[in-house]
Trainee: 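Provided herewith is a single structure, encoded as structure tokens, for subsequent inquiry.
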Amino acid sequence: MARRYWLFKSEPGAFSWEDLVACPEGTTFWDGVRNYQARNLLRDEIKPGDRVFFYHSRCHPPEIVGTATVTRGGAADPTQFDPASPYADPASKPESPRWYGVEIRADRALKRPVSLAELKQSSELQGMMVTRRGARLSIQPVRPEEWKAVLALSRRPRTPP
DNA sequence: GCCAACGTTGGC
DNA sequence: GCCAACGTTGGC
């Protein structure tokens, strides 16, 4: 199975790229996803070795800031069983968990962040999910050619306005 | 702060 | 099963 590529959204006020890098080994379990479509990807599709764009959402500007590697595939999200967690789900039972997450490890910051505005301007990235209006999915598939194009953009100076 | 898009809930 | 109401996401 070939390595696949993903984009994970995070609000920097909640959990930023810097927070990930500060974790032991730059590694964290990606918990708290409570959307079924994203859950299916976490549980069934995202495998160790896959690569991840770390995207800052609900901030100025929204942008891709770094890359990470999946170090552990779909596992039950423990926060669903923790009554003290804001992500607690009393309806979910340990014998049939409803919510899943994966473990990721920070790889490196992009040479420079690539903003959503820039993604939208790039002719190669017109079809990228994150550029579509109303694309709220917090875990998104990324095509290999999109992965390459974003990295290429990050190695170029920002386009002057 | 605004509001469009989307997902979920719940009455019927 | 439909769909209106509601809450959330998230760019702008």
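Order of the sequence lines sets the chain letters (A, B, ...), proteins ahead of strands, with each chain counted from 1.
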Trainee: Can Arg4(A) and Asp50(A) be counted as an ion pair, charged N to O under 4.0 angstrom?
Mentor: no
Trainee: Taking atom types as modelled, is there a side-chain donor on Arg51(A) or Thr69(A) under 3.5 Å from an acceptor on the other?
Mentor: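 A pair is found: one side chain offers a donor N or O, the other an acceptor, under 3.5 Å apart.
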Trainee: In terms of the nearest nucleotide of DNA chain B, which residue is placed more toward the 5' end: Gly134(A) or His60(A)?
Mentor: His60(A)
Trainee: Could you give the start and end, 5' to 3', of the contact zone on DNA chain C for chain A, using atoms under 4.0 Å from its heavy atoms?
Mentor: dG7(C) to dC12(C)
Trainee: Sort out for me which residue in Tyr36(A), Trp30(A), Phe81(A) forms a ring pair (Phe, Tyr, Trp, His ring centres under 6.0 Å) with Trp99(A).
Mentor: Tyr36(A)
Trainee: Does the side chain of Phe8(A) come within less than 4.5 Å of Ile46(A)'s, by heavy atoms?
Mentor: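 Sidechains of Phe8(A) and Ile46(A): in contact.
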Trainee: Whether the Thr79(A) and Asp82(A) side chains hold a donor-acceptor pair (N or O, under 3.5 Å, no angle test) is what I'd like checked.
Mentor: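 Judged by distance alone, the side chains do not pair up.
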